[in-house]
Amino acid sequence: MFSGIDEVDWASMEHAYGPADDVPELLRGLASEDPAERETALDGMYGAVHHQGDVYACTLACIPFLFELVADPGVQDRGSVVELLTSIGGFDLDEDDEAEIDEDEIEGAANYAMAAAAVTAGAGIFFELIADEDPGVRLAAPLALATLHRHPVRVLALLRERLLVECDEEVRLALVEAAGRVALRHRPLAGPVAQWLNGLAARARTPGLRLAALAQLARCSPDGLPGDVVAVVSGLLREMRAAPARRPAPVRDDTAEGGAAPDLDADQAQAPEADAVPDRDPDAEPVAAADGARGEQVAAPTLVGQLRALAAQEDAGHGAPWAADLLRTLHVGLDDRVGDRTALLVDQLRSPDRRQRLDAVRMSGGLIRAWRGSYEELVALVGDQLADPEPRLAEAASHVLEELFGLAAPAADALAARLAASPDAWVRSWASGPPGLGSAVKALARLGDPRAVPALAAALARPQVAHDVGFAVGHLGAVARPLAGPLRRRLAEVELDEGAYDRASPLLAGLTGLRAAEAAPEVLRVLRGAPEYRGEWLRTAALRALGSFGPAAREAVPELRALIRRPGTAAATEAAEALWAISGDAEAVLPVLIEGLQSDQVHDRRAAAVALGALGPRAGVVAPRLRGLLDHEELWLRVDAAIALWEVSGRSRESTEVLLAAWELNRHVRVRVAECLTRMGPVPEGSAAARALRGEVASVRRHNAMDGGYGSHDIHEDEKLLALCRRALRGTAKGTTT
């Protein structure tokens, strides 16, 4: 094995962490008899040689040796190597991707293409591995075939044939998943695959296999799902919970069991002799798996090892740990069928199976983040999980509720009960960094519920204040007024050294939210004594607090007048904004803000535009300057200038045109735009603004939903956008803008 490995000039290549001269050791580690060494080597391959899916020259050089590993039956954990090869060779560059590649990305794109070609060229071996004695190999081989082999019709024929004789339920599910992958990658085959999946969904002998068929049907042909899909899936889940663990019988692939076979050309469907599986009597019992079902699992101090250990912990005592993956696949396929997805999750959350409820809580968070809908019942059921004695379930529920803001209202009582029962969870400490509020505290505070106040008071009494306490206070508003005194006292105690920003900013945020003008002396102390380290950030927070106090903070006026003597700086703009809020002295602040509007920094120009807008008609003289920014290359500056132009001039037509153009170009500006359109007054019926607002309200997808990521305030921002759109449309009237 590994003939020629030492002749490769590994040292001349690099991986994610430097020279690739350690790659031969990693490859040999994959063949080790020591499970921990294999695990460490696999972690190194994913962590360095194939870091975050990247393909380097050394990754390409590894491919022949990885194929040697999977071909040798004496090597253990070959299924992991098959998965690695699938990942290396499975990246597709479509025409749109190729069109967007710049010069710096050409080499990387070429590596992806060469990796795909190299792994695809050797993909014939996966035909043999699909019947390997090691179930771990059989588990990985179907997806490898579906992803990498050039002849999808042959792959489909083999997947179906193998389903007749496979005895391992999880491998059977992988065969069905692979068929769905083929249909997605080769759309002309979607119809025949859907026909086969429909048959499996109706007549397969195990509920898990029927659920797998439904999940793949949702992915590749959702229109083929049964009309009562929620009831069907709920029934399958109940059947899976009730069924004792047993080795399933083989599936008969005929019209009675699996539906009619895909209409494939006989010559295409016939695999070459080298790729064929052994002939089996479809009525015979499946052959039992070889000993050592999926290789020895070890607790290795690697990322891969930690992930496997976590998965094993979650799967412990669960009869069908793969059910969660099937349900996630089904949800992805159901896509915008929010009603069906919600009903399915409601059913799961009522399950006696705690693992199903945990999965449902997590999937509920994903659904609500991405899609708009009626979630009262679902949220109430998530709230019910807070009382569960299983800490992972209760914690998962509180984290989901934390992100919902106002949508968490149906769970308010459950959150309050959770706080009352678990005061030790009000503040969480971490190995590094400042402490933070518990998720249940934040969820209740974001609802404006006064029952969160005792927890926040306790957080303020701790030696180190939670970093997010001030933001929670801001959501509570007037009901948190009793916290103004503690916030003020803690701010007075802050030492103005290099750590001042971390200690003072949560307190300043809380005082800002409460508009606690009595704290002006403490805020001024911070403003005057801000240290050099992060001093600008600390001054910004202090000036924002003073501005929120309004005329009641008049003692700060001399300090602010001194700060505006350096026009054109960010500090001067921020001080001018606070001075206007406190004194209303337009003559003093207008020259400073005009100077800020000419800054070299886009961020500073935006801040000046926003501050000028707050002056309204008193800043009418700057209208020509703002108008000159309406075609600036920076979209956010155009938006801020357009809003300020309307605020200082009262004329909406040219501003609205800019705002609606930005609305289409960047969905993340929509809240700012909708706020302005709402303040402008009645939106004329039939206008471009009315069409944009109605289109947003009609959309089921959240405007800021992202594939593969999300922000903690995304739901809040989207619900705010919807409320603004409805408010603006509520006043639609005939007429024109001026």
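As the structure is a prediction and not an experimental result, all values here were calculated from the model.
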J.: What residues form a side-chain hydrogen bond (donor to acceptor under 3.5 Å, both in side chains) with Asp413, not counting sequence neighbours?
T.: Arg451
J.: With a cut-off of under 6.0 Å to the ring centre and 45° to the axis, is Arg701 in cation-pi contact with Trp371?
T.: yes
J.: Please check if the side chain of His149 supplies one atom and the backbone of His151 the other of a donor-acceptor pair under 3.5 Å.
T.: yes
J.: For Arg357 and Gln385, which I'm curious about, is there any donor-acceptor pair between the side chains at under 3.5 Å?
T.: yes
J.: So that I can tick it off, tell me whether Asp132 and Arg138 are bridged by a salt bridge, with the cut-off set at under 4.0 angstrom between side-chain N and carboxylate O.
T.: no
J.: Taking Val49's backbone N and O only, do any of them form a donor-acceptor pair with Thr59's side chain (distance below 3.5 Å, no angle check)?
T.: yes
J.: Show the nearest heavy-atom pair for residues Leu344 and Ser234, with the distance to one decimal.
T.: CD1-OG, 4.2 Å
J.: Could you check if a side-chain atom of Arg181 sits within less than 4.5 angstrom of a side-chain atom of Leu143, using non-hydrogen atoms only?
T.: yes
J.: Could you tell me whether Arg446 and Glu403 have a side-chain N and a carboxylate O separated by less than 4.0 Å?
T.: no
J.: Of all heavy-atom pairs between Ala146 and Val182, which one has the smallest distance, and what is that distance?
T.: CB-CG2, 3.6 Å
J.: Does the side chain of His331 pick up a donor-acceptor pair with the side chain of Arg341 at under 3.5 Å?
T.: yes
J.: Side chain of Asp77, backbone of Ser80: donor and acceptor closer than 3.5 Å?
T.: no
J.: Between Ser422 (side chain) and Ala425 (backbone), is there a donor-acceptor pair under 3.5 Å?
T.: no
J.: Under a 3.5 Å threshold, yes or no: a donor from one side chain and an acceptor from the other, between Thr329 and Arg219?
T.: no
J.: Within the 4.5 Å heavy-atom criterion, are Leu66 and Val70 side-chain neighbours or not?
T.: no
J.: Assess the residue pair Glu717 and Arg702 against the criterion (salt bridge (charged side-chain N to carboxylate O under 4.0 Å, His left out)); give the C-alpha distance rounded to whole Å, side-chain angles, the decisive distance to 0.1 Å, and a yes or no.
T.: CA-CA 10 Å; Glu717 285 293 300; Arg702 294 200 183 279; over 6 Å; no
J.: How many angstroms lie between CE in Met45 and CG in Leu42, if you round to the nearest 0.5 Å?
T.: 8.0 Å
J.: Is it true that Arg392 and Glu395 have a side-chain N and a carboxylate O under 4.0 angstrom from each other?
T.: no
J.: Hey, does the side chain of Asp353 reach the backbone of Gln356 with a donor-acceptor pair shorter than 3.5 angstrom?
T.: yes
J.: If we ignore hydrogens and angles and just use 3.5 Å, is the side chain of Ser221 paired with the main-chain N or O of Leu217 as donor and acceptor?
T.: no
J.: Do Val155 and Phe127 come within less than 4.5 Å of each other through their side chains, counting heavy atoms only?
T.: yes
J.: Keeping the roles fixed (side chain from Asp714, backbone from Gly711), state whether a donor-acceptor pair exists under 3.5 Å.
T.: yes
J.: Counting only N and O atoms by type, is there a donor-acceptor contact under 3.5 Å from the side chain of Trp426 to the main-chain atoms of Val441?
T.: no
J.: Are Glu402 and Lys442 ion-paired here, with the side-chain N under 4.0 Å from a carboxylate O?
T.: yes
J.: Would you say that Leu386 contacts Ser398 through its side chain, given a criterion of any heavy-atom pair below 4.5 Å between the two side chains?
T.: yes
J.: Are any of the side-chain heavy atoms of Arg238 and Asp347 separated by less than 4.5 Å?
T.: yes
J.: Keeping the roles fixed (side chain from His51, backbone from Gly47), state whether a donor-acceptor pair exists under 3.5 Å.
T.: yes
J.: Are any of the side-chain nitrogens in Arg372 or Asp718 under 4.0 Å away from the carboxylate oxygens of its partner?
T.: yes
J.: Less than 3.5 Å apart, any donor N or O on the side chain of His50 or Ser87 sitting next to an acceptor on the other?
T.: yes
J.: Between Arg328 and Asp325, does at least one N-O distance fall below 4.0 Å, as a salt bridge requires?
T.: yes
J.: Kindly compute the distance separating CG (Leu200) from CZ (Arg210), expressed to the nearest 0.5 Å.
T.: 10.5 Å
J.: Any idea how His716 and His713 line up, ring-wise: parallel (<30°), tilted (30 to 60°), or perpendicular (>60°)?
T.: perpendicular
J.: Take Asp34 and Arg38, measure what salt bridge (charged side-chain N to carboxylate O under 4.0 Å, His left out) needs, and give me the verdict at the end.
T.: CA-CA 6 Å; Asp34 181 353; Arg38 292 196 302 273; over 6 Å; no
J.: Can you find a pair of side-chain heavy atoms, one from Leu236 and one from Leu214, that are under 4.5 Å apart?
T.: yes
J.: Taking atom types as modelled, find out whether Arg241 and Ser351 have a side-chain donor-acceptor pair closer than 3.5 angstrom.
T.: yes
J.: With a 4.5 Å heavy-atom cut-off, do Leu367 and Tyr375 have their side chains touching?
T.: yes
J.: Any side-chain heavy atom of Leu345 within less than 4.5 Å of one from Val361?
T.: no
J.: Give, for atom CD of Glu390 and atom CG of Leu358, the distance between the pair rounded to the nearest 0.5 Å.
T.: 7.5 Å
J.: If you take all heavy atoms of Ala412 and Leu444, which pair is closest and at what distance?
T.: O-CD1, 3.7 Å
J.: Could you tell me whether the side chain of Arg78 and the main chain of Leu129 form a donor-acceptor pair under 3.5 Å?
T.: no
